[in-house]
Protein chains: 2
Amino acid sequence: MVQIPNPPSPDSPAPRSVPTSADVARLAGVSRATVSYVLNNTGAVRISEPTRRRVHEAARELGYVPHAAARSLRAGHSRMVLMPTPSFPAGPLYTRFLGELQWALGRLDYTVVQYGTAAPHEEDAARAWAELRPVAVLAPASDLGPRGVDVLKRSGARAVLTLGPEPVDGAHALLTDQEGVGRGATRHLYDRGRRSIGVVVPAESGLDVFSAPRLAGARHAVEGTDATVTVLPLAYEEQDAARLAARWGSLGLDAVFAYNDEYAMLLMRALQDEGLDIPGDAAVIGADDLMLGRLLRPRLSTVHLELPAGRDLAALVDRAVHDPGAPPERHKVLGATVVHRESS
Amino acid sequence: MVQIPNPPSPDSPAPRSVPTSADVARLAGVSRATVSYVLNNTGAVRISEPTRRRVHEAARELGYVPHAAARSLRAGHSRMVLMPTPSFPAGPLYTRFLGELQWALGRLDYTVVQYGTAAPHEEDAARAWAELRPVAVLAPASDLGPRGVDVLKRSGARAVLTLGPEPVDGAHALLTDQEGVGRGATRHLYDRGRRSIGVVVPAESGLDVFSAPRLAGARHAVEGTDATVTVLPLAYEEQDAARLAARWGSLGLDAVFAYNDEYAMLLMRALQDEGLDIPGDAAVIGADDLMLGRLLRPRLSTVHLELPAGRDLAALVDRAVHDPGAPPERHKVLGATVVHRESS
DNA sequence: TTGAAAGCGGTACCAA
DNA sequence: TTGGTACCGCTTTCAA
């Protein structure tokens, strides 16, 4: 069956069908094989210079672009690294990290794809990702159970890496020690003499992945001491912060770990508006070490987070891809350091 | 050539090759066609209940996941909407917008994919995207010239939408009126009696896409008046802000449009540290209407940006896909409103 | 140096 | 109700 080249439409700009390598071959007067050889610069086969030129010329003229799906179907594998689009509002920290990682993976000739449609159920998500047959998957541990890892591996993913506080069976783990953040912050407050410590837990959904372990770390830090930890739910709104500040006196707290710098700014402002002295009446510490903390007065104490360099992580992915049989590795990827400023 | 099913490795867990629909068919004792019918719930074909059960059972047992590339190769089209990963550090505004859009497109059964490897040259980028044969592409106008649009369309993209201040030939345009932001902010300062207006231009690369039109808008706002606009390059560092603040007196300015709220916070802090009164000595206005502006003292004036609802934009994409022949539409997608607070 | 042809994994037409 | 089969676009072996 011959494909109809151009539906006879005298006046409308003929909606050319997408050119294939066969079209290029036809126009150049060679076979499809030759086209493939030329365009992929196959080393093992020598093509004469005039032929090469003709093929390139034809490809350019037709605006030929190879079909990635067909290629990887034939090849039996792709170079796609899949990451789900984060479900939480990514801060500057994570954004920069992601950018670096993508760049580094690009250098290793991987194509990074962020898959952006959240599935309701965890295993469905894994199946949806698996349909794309990525060579590697890097996902939050919270989005991927052991079943999900299995689905991906059975569909040919040579490396599955999870990012989160706990490892997932069968996958390489990048352990983000969020507990350490809460522990460090709280221990710092304790060391500064505080004993009644509030811990902000954002009301916004999606953040519990971070806030839960941070809270757990805080609790852990005061275990066996005379200090107490009080949970302070807080929505990221001025009103809610004002409400919390208004009943501050009745809470009997002398310090607060405010989840991160942004929530810290919100709460600190509300406390100051209530006439409280920071750190006199209440010590405040945030986390993430954002610029804004340095700009506040008093300057905001915080927990600085050291994310792994994109290059290193890209190299890890590459190694994992090359050796799919290797036992899952575990890497700590969150260096947490308390930065003491003026607010605590 | 028969594929070797299981490399003889007596002790290691046999690395099964990826199951295909043929494997499912074999196990269920039916043909590949039947498998396809059952798993896709093809309406036109009735399959007996026992057979359906056997097929589903076999698929489950093998952990079968269909191969998206093979499917879309056969179908001749995909439901993939491709967006390049933004090259600038996406703020909370853009992040939320993106999330909404992805969700809305997901509801329309599109798969959103963020392509995350920047190509050096613009047309190369378009070609790289075109290899994936997305049904629609949504990209910053700065990443996509008319040639790029053409490449995409010739490779079967049914809709190409650009996001930026200027339309791109052949593509639907979502016009982000960044000029309007600068114009609004500057006109506001002018209306408040200011005549020597500084405009911050971030030193960080990648932001010029926004800063250039914002500056142009500022210039436009004072055209034909007795006011002047002075460009103030500023890196997002305390030091650089301090430097700028130190020579503030010599600049003879009485107001500044600080690019956005974050740069405004940085600069305002530096000016205050220099002992200047805001807005007495210098009026300050930011943009983006972030939470932090409301928390500053004095409260930061800003320009509120109204991004289009994800639902509406998703609907627009869907319409464009359904009618690829339609002439390019243009939509203004940035409602800019000055929010007057205390800093100006 | 070039061409013919098989086959990657699905889908859908046609026949049984 | 089910099976056989052609075909989507590309790569690669084998022959010429």
Side-chain angles (χ1 to χ4, degrees), chain A residues 1-4 17-26 28-55 58-59 62-79 130-133 154-156, chain B residues 1-4 17-55 58-59 62-79 130-133 135 154-156:
Chain A
M1 175 104 31
V2 175
Q3 192 162 357
I4 298 139
S17 64
V18 182
T20 72
S21 75
D23 297 319
V24 176
R26 200 156 24 235
V30 300
S31 74
R32 299 164 55 209
T34 305
V35 171
S36 178
Y37 293 144
V38 171
L39 296 184
N40 295 311
N41 249 317
T42 307
V45 182
R46 305 244 147 271
I47 304 286
S48 70
E49 204 42 56
T51 306
R52 306 180 72 85
R53 225 194 316 281
R54 286 219 313 287
V55 169
L62 293 176
Y64 170 72
V65 176
H67 193 305
R71 173 181 292 173
S72 73
L73 180 59
R74 167 65 220 228
H77 60 256
S78 73
R79 304 251 333 145
E131 291 193 1
L132 298 186
R133 298 290 192 274
R154 288 163 74 132
S155 341
Chain B
M1 173 102 34
V2 175
Q3 190 162 359
I4 297 138
S17 64
V18 181
T20 72
S21 76
D23 296 321
V24 177
R26 202 157 22 240
L27 182 57
V30 299
S31 74
R32 301 195 310 146
T34 304
V35 171
S36 176
Y37 294 144
V38 171
L39 296 184
N40 295 310
N41 249 317
T42 307
V45 182
R46 305 245 147 271
I47 303 287
S48 71
E49 204 43 56
T51 306
R52 307 181 71 86
R53 225 195 314 283
R54 286 219 313 289
V55 169
L62 294 176
Y64 170 72
V65 175
H67 194 306
R71 174 179 293 170
S72 73
L73 179 59
R74 168 64 221 224
H77 60 256
S78 72
R79 305 259 321 154
E131 291 194 0
L132 298 186
R133 297 290 192 274
V135 68
R154 288 164 73 132
S155 353

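Chain naming here is simple, since letters A, B, ... match the order of the sequence lines and numbering starts at 1 in each.
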From [atom1] of [X] over to [atom2] of [N], roughly how many Å is that when rounded to an integer?
X       : N       : atom1 : atom2 : answer
D23(B)  : dG10(C) : CG    : P     : 9 Å
R133(A) : dG9(C)  : CZ    : P     : 9 Å
R32(B)  : dC13(C) : CZ    : P     : 16 Å
L132(A) : dG10(C) : CG    : P     : 13 Å
I47(B)  : dG3(D)  : CD1   : C1'   : 10 Å
E49(A)  : dT1(C)  : CD    : P     : 11 Å
R71(B)  : dC8(D)  : CZ    : C1'   : 14 Å
Y64(B)  : dT11(C) : OH    : C1'   : 10 Å

Query raised in the report: Just one of V38(A), T42(A), N41(A) clears the side-chain contact (heavy atoms from CB on, under 4.5 Å) bar with I47(A), so which one?
Result: V38(A)
Under 4.0 Å between any heavy atoms, over every strand shown, what does [X] touch: base, sugar-phosphate, or nothing? Just pick one.
X      : value
V45(B) : base
S36(A) : base
V65(B) : sugar-phosphate
T51(A) : sugar-phosphate

Within the distance-only criterion (no hydrogens, no angle test), does the side chain of [X] pair as donor or acceptor with the backbone N or O of [Y] below 3.5 angstrom?
X       : Y      : result
R32(B)  : A22(B) : no
S72(A)  : A75(A) : no
R133(B) : G76(B) : no

Compare side-chain N and O positions of [X] against OP1 and OP2 of [N] and report whether any pair is under 4.0 Å apart.
X      : N       : result
T20(B) : dC8(C)  : no
S21(B) : dG10(C) : yes
S48(B) : dT1(D)  : no
S31(B) : dG4(D)  : no
T42(B) : dT11(C) : no

Report task. Could you tell me whether the side chain of T20(B) reaches within less than 4.5 Å of the side chain of H67(B), counting heavy atoms only? Result -> no
Nucleotide of [options] approaching [X] most closely (side-chain heavy atoms):
X      : options                 : answer
R74(B) : dG9(D), dA6(D), dG3(D)  : dA6(D)
Y37(A) : dG9(D), dC14(D), dG3(D) : dC14(D)
V30(B) : dG9(D), dG3(D), dT11(D) : dG3(D)

Report task. Find the distance between CG (N40(B)) and CZ (R71(B)) and round it off to the nearest 0.5 Å. Result -> 5.5 Å
Query raised in the report: Starting at the 5' end of DNA chain D and moving along, which residue's nearest nucleotide shows up first, A68(A) or R46(B)?
Result: R46(B)
